[in-house]
Amino acid sequence: MLHLIEQLYGPFFSAANWGNVVTSANDWLIILSLAIIECLLSVDNAVVLAAQTQSLDNLQEREKSLFYGLWGAYVFRFLIIGIGTYLISFWEIKVLGAAYLVYRYFSQPKAGETVEKKPKKQRRFFGLSKFWSVVLQIEMMDIIFSIDSVLASLAISDNPVIVLIGGMIGIACMRGIAEVIMRLMRKIPELETMAYCLIVLIAIKLFISIPAIGWDIPATAFGGIVLAAFAVTLAIHFWRRRRNRGQQLEERMRK
């Protein structure tokens, strides 16, 4: 049992591993790409978590419950990354993971669709108070969201330290600037399309890495692809906006 725990979580406590990651420009490129993916794909999750707090009586309790939820998200992310790093070595998990990613993100509501702002009914668990029931629900949602994010991250890099740092940055951004990201995605709708395209690419990367195929996209190269996709998406958006303004100007001149 101790050997299994050491195998799962030993890399997190390796000073050499942390030193290599922190001092590597290539690893920071991967971390940045993971943080971008986390923010784009998890912004709706922040809305769901915030909705869980609406039944609480005052703003102080809502903020406190989200604070506990934030630290719970970090703890669960740590635990799930350790387990996921081990499981992702099995090709069957890679195939199931690739299929799950495609299903999970293409079956959820689009950014423009209506999102329920308040839970239908506040449930209490194990006789807990309303406040702690909300905290427990937030932690349960954190576990579900962590599975999605960790699976996508491990498909890009198998170094648990890189995945942990990228996930921590992504969680902080998701909770801290969720409304800003949502506003940005409404102004630049192409970002949502880019996010779903990246999910397909991640699923393909995960699938083709099974032994029967044996292909792989290096983590550094994939990180570059993510950043390049982000830059190209912004360029396309501004080109379209400029073109639309030109067309509107021509129509006005004709009138």
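Here the structure is a predicted model, which means the values were calculated and not measured.
- Ile217 and Lys205 get closest at one heavy-atom pair: O-CE, 2.9 Å.
- Here the shortest heavy-atom pairing between Lys94 and Ile88 reads CE-O, 2.9 Å.
- Between the CH2 atom of Trp71 and the CZ atom of Phe67 there is a distance of 6.5 Å, given to the nearest 0.5 Å.
- The backbone N or O of Tyr86 lies less than 3.5 Å from a partner atom in the side chain of Ser89, making a donor-acceptor pair.
- Hydrophobic clustering keeps Val200 apart from Ile236 (ILVMFWY residues linked when any side-chain heavy atoms are closer than 4.5 Å, directly or through intermediates).
- With rounding to the nearest 0.5 angstrom, the CH2 atom of Trp215 is 11.0 Å from the CZ atom of Phe207.
- By the rule that hydrophobic residues join a cluster once side-chain heavy atoms approach within less than 4.5 Å of another member, Ile80 and Ile5 end up as members of one cluster.
- Here the CZ atom belonging to Phe238 is positioned 9.5 Å from the CD atom belonging to Glu190, to the nearest 0.5 angstrom.
- Considering every non-hydrogen atom in both Thr220 and Leu29, the closest pair reads O-CD2, 3.6 Å.
- Leu96 and Ile156 are assigned to two separate hydrophobic clusters, defined by single-linkage of ILVMFWY side chains at heavy-atom distances under 4.5 Å.
- In terms of heavy atoms, Ala155 sits closest to Ile202 at CB-CG2, 3.5 Å.
- Using the six-membered ring where Trp is involved, Tyr68 and Trp132 have ring planes that are parallel, under 30° apart on the 30 and 60° scheme.
- Side chains of Ile81 and Tyr9 form no contact here, defined as non-hydrogen atoms less than 4.5 Å apart.
- Linking Ile, Leu, Val, Met, Phe, Trp and Tyr residues whenever their side-chain heavy atoms come within less than 4.5 Å places Ile93 and Trp91 in a single cluster.
- For the pair Phe131 and Glu61, the tightest heavy-atom approach, listed with the atom from each and the gap, is CE1-O, 3.4 Å.
- Around CD of Gln60, the count of heavy atoms belonging to other residues, nucleotides or ligands within 6.0 Å does not exceed 12.
- Atoms CG and CZ, on Leu227 and Phe222 in that order, are 11.0 Å from each other to the nearest 0.5 Å.
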Name each donor-acceptor pair under 3.5 Å that joins a side chain in residues 157-172 to protein atoms two or more places apart or in another chain, with its distance.
| from | atom 1 | to | atom 2 | distance (Å) |
| --- | --- | --- | --- | --- |
| Ser157 | OG | Asn159 | N | 3.3 |
| Asn159 | OD1 | Asn17 | ND2 | 3.4 |
| Asn159 | OD1 | Val161 | N | 3.0 |
| Asn159 | ND2 | Asn17 | OD1 | 3.1 |

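- If you take CE on Met194 and CD1 on Ile37, they are separated by 8.0 Å, rounding to the nearest 0.5 Å.
- The side chain to side chain contact (heavy atoms under 4.5 Å, CB included) test with Phe230 is passed by exactly one of Leu234, Val232, Thr233: Leu234.
- Rounding to the nearest 0.5 angstrom, the gap separating the CD1 atom in Ile204 from the OG atom in Ser209 is 12.0 Å.
- Other residues, nucleotides and ligands contribute over 12 non-hydrogen atoms within 6.0 Å of the CZ atom of Arg243.
- Scanning both residues, Phe13 and Trp18, for their nearest heavy atoms gives N-NE1, 4.5 Å.
- At least one side-chain heavy atom of Ile36 sits under 4.5 Å from a side-chain heavy atom of Leu32.
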